[in-house]
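Lettering of chains follows the sequences in order, A, B, ..., and the numbering in each one begins at 1. Note that the structure is a prediction, hence the values are computed from the model and not measured.
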There are 2 protein chains.
Amino acid sequence: MRQNSEPSAAPSDLRADNRLQTETATGAIGYRLRRAQLNVFQKFLAIFDALKLRPAEYSVLVLIGDNPGRKQTEIAEVLGIKRANFVTLVHGLEERNLVERIPSAQDKRANALHLTENGKAFLADAQARHAALEEETVARLGGPAARAQLLSLLDRLL
Amino acid sequence: MRQNSEPSAAPSDLRADNRLQTETATGAIGYRLRRAQLNVFQKFLAIFDALKLRPAEYSVLVLIGDNPGRKQTEIAEVLGIKRANFVTLVHGLEERNLVERIPSAQDKRANALHLTENGKAFLADAQARHAALEEETVARLGGPAARAQLLSLLDRLL
DNA sequence: TATTGTTATACTCTATAACTATA
DNA sequence: TATAGTTATAGAGTATAACAATA
């Protein structure tokens with residue numbers, strides 16, 4: 001390794017306040033999207049930590065609540081979760097008495113997924129907390145019109 | 001809560017087309033943000049796969065290019081990368097002859113990071129590809145005004 | 001033959017603890 | 001005492017292959 005032969009006088013890359021030039025690295029749309037998404041996700045995590053519920057688990061509960069009796073593969077596929085990884089996830093929910101895996105009569109290979117009574121109450125609580133977070137997020141955006149505007153712009157990126 | 005204005009023939013869990021009800025699970029701002037972000041990121045990955053460059057590595061190169069001579073810790077901190085994980089990342093860039101770790105004369109504990117000549121050329125190529133992707137993304141959004149609108153909305157979520 | 005649920009496995013990202021050599 | 005770089009390690013999240021039971 002060679003020694004540092006830089007001149008000690010402050011060039012343009014050593015700014016007066018000693019802070020880094022970050023504009024090039026952080027100006028892209030992808031980067032800004034990621035930052036905002038991580039920020040919103042972090043608030044989600046903070047709220048749902050109390051319920052020991054992770055984002056994927058919450059999505060699964062909501063989807064089963066709206067679509068009782070579906071197969072594991074169907075629920076997993078909609079959420080972009082691999083069959084293999086879905087097994088562990090749903091077993092965890094079953095151990096917590098939130099979800100039931102009921103062997104299907106029509107297709108003996110398949111399990112029909114249902115929420116337990118306990119799971120329904122738990123989900124209602126979780127959804128209430130989620131709704132409160134959503135409301136706060138809309139408020140930060142500047143109201144329902146701003147929310148619609150954001151979603152419209154985001155949809156153009158799909 | 002508003003009434004259901006849908007032309008309701010089938011119950012939500014047994015729809016005629018056998019598709020799942022996904023609106024509850026996928027309507028939230030966080031979810032939509034995540035989808036859009038993943039989509040943009042995927043295009044980024046597709047382009048940068050050819051350069052065998054991962055997002056974090058690209059950010060590091062850009063940041064070193066704009067701020068030559070900085071310590072590993074400084075670069076890592078700005079990007080939210082842990083010191084420990086940054087070591088492997090920067091060693092990989094050094095092995096590819098893109099970055100030099102030059103022992104600092106002032107502080108013998110520290111390494112000053114610089115791009116090699118090869119690294120500068122490589123970064124210029126990567127940035128050209130990135131700029132093309134950014135241009136395409138802005139076009140999909142609907143032009144510079146839409147881009148500004150999106151960034152303004154995203155900033156409200158920080 | 002194809003599909004469902006499952007196990008095993010591996011790879012990436014991220015996070016923490018602890019060491020060394022300097023400051 | 002504190003900091004810079006490093007090593008080791010562990011936990012999530014995600015990916016594929018292969019198997020048994022069933023279609």
**Asked** Whole-Å distance between C:dT4 C1' and A:Ile75 CD1?
**Response** 14 Å
**Whole-Å gap separating C1' (D:dA12) and CD (A:Glu57)** = 12 Å
**Message:** If I take atom CZ in residue B:Arg70 and atom C1' in nucleotide D:dA4, what distance separates them, rounded to the nearest angstrom?
**Reply:** 15 Å
Report all interatomic pairs (protein N or O, nucleotide N or O of nucleotides 10-12 of chain C) with separations under 3.5 Å.
none

**Request:** Locate the shortest heavy-atom distance separating B:Thr26 from B:Arg32; write the atom from each residue and the value.
**Result:** O-CD, 3.5 Å
**Prompt:** Once you round it to whole Å, what is the distance between P of D:dA8 and CZ of B:Phe86?
**Reply:** 20 Å
**Message:** Quick check against the 3.5 Å criterion: does B:Glu134 have a side-chain atom that pairs as donor or acceptor with the backbone of A:Ile29?
**Reply:** yes
**Asked** To the nearest Å, how far apart are A:Leu113 CG and C:dG5 P?
**Response** 8 Å
**Message:** Working note: A:Thr137 + B:Leu157, criterion side-chain contact (heavy atoms from CB on, under 4.5 Å); need CA distance, chi angles, decisive distance, verdict.
**Reply:** CA-CA 7 Å; A:Thr137 306; B:Leu157 298 177; 3.7 Å; yes
**Message:** Go through it in stages, so that I can follow the logic: the residues are A:Leu38 and A:Arg35, the test is side-chain contact (heavy atoms from CB on, under 4.5 Å), and I'd like the CA-CA distance, side-chain angles, deciding distance and then a yes or no.
**Reply:** CA-CA 5 Å; A:Leu38 286 176; A:Arg35 268 194 67 190; 6.0 Å; no
**Prompt:** Once each nucleotide of nucleotides 15-23 of chain C is scored for protein heavy atoms under 4.0 Å, what B/S/- sequence comes out, 5' to 3'?
**Reply:** BBB---BBS
**Fill in**
The answer to which of A:Ile81 and B:His91 contacts DNA chain D further toward the 5' end, by nearest nucleotide, is B:His91
**Protein-nucleotide distance (B:Glu74, atom CD; D:dA4, atom C1'), rounded to Å** = 11 Å
**Asked** Side chain of A:Ser152, backbone of A:Ala148: donor and acceptor closer than 3.5 Å?
**Response** no
**Request:** Run the salt-bridge test on B:Lys71 and B:Glu74 with the 4.0 Å N-O cut-off and return the result as yes or no.
**Result:** no
**Prompt:** Does a nitrogen or oxygen in the side chain of B:Thr73 sit under 4.0 Å from OP1 or OP2 of D:dG5?
**Reply:** yes
**Request:** Figure out the CZ/P separation between B:Phe41 and C:dC13, and round it to whole Å.
**Result:** 10 Å
**Asked** Quick check: does any side chain N or O of B:Asn118 sit under 3.5 Å from a backbone N or O of B:Asn97, one acting as donor and the other as acceptor?
**Response** yes
**Item:** Integer-rounded Å distance: C:dT7 P and A:Leu89 CG
**Value:** 14 Å
**Message:** Keeping A:Asn85 on the side-chain end and A:Ile81 on the backbone end, is there a donor-acceptor pair under 3.5 Å?
**Reply:** no
**Asked** Where is the tightest heavy-atom contact between A:Gly119 and A:Thr116, given as atom of each residue plus distance?
**Response** N-OG1, 2.8 Å
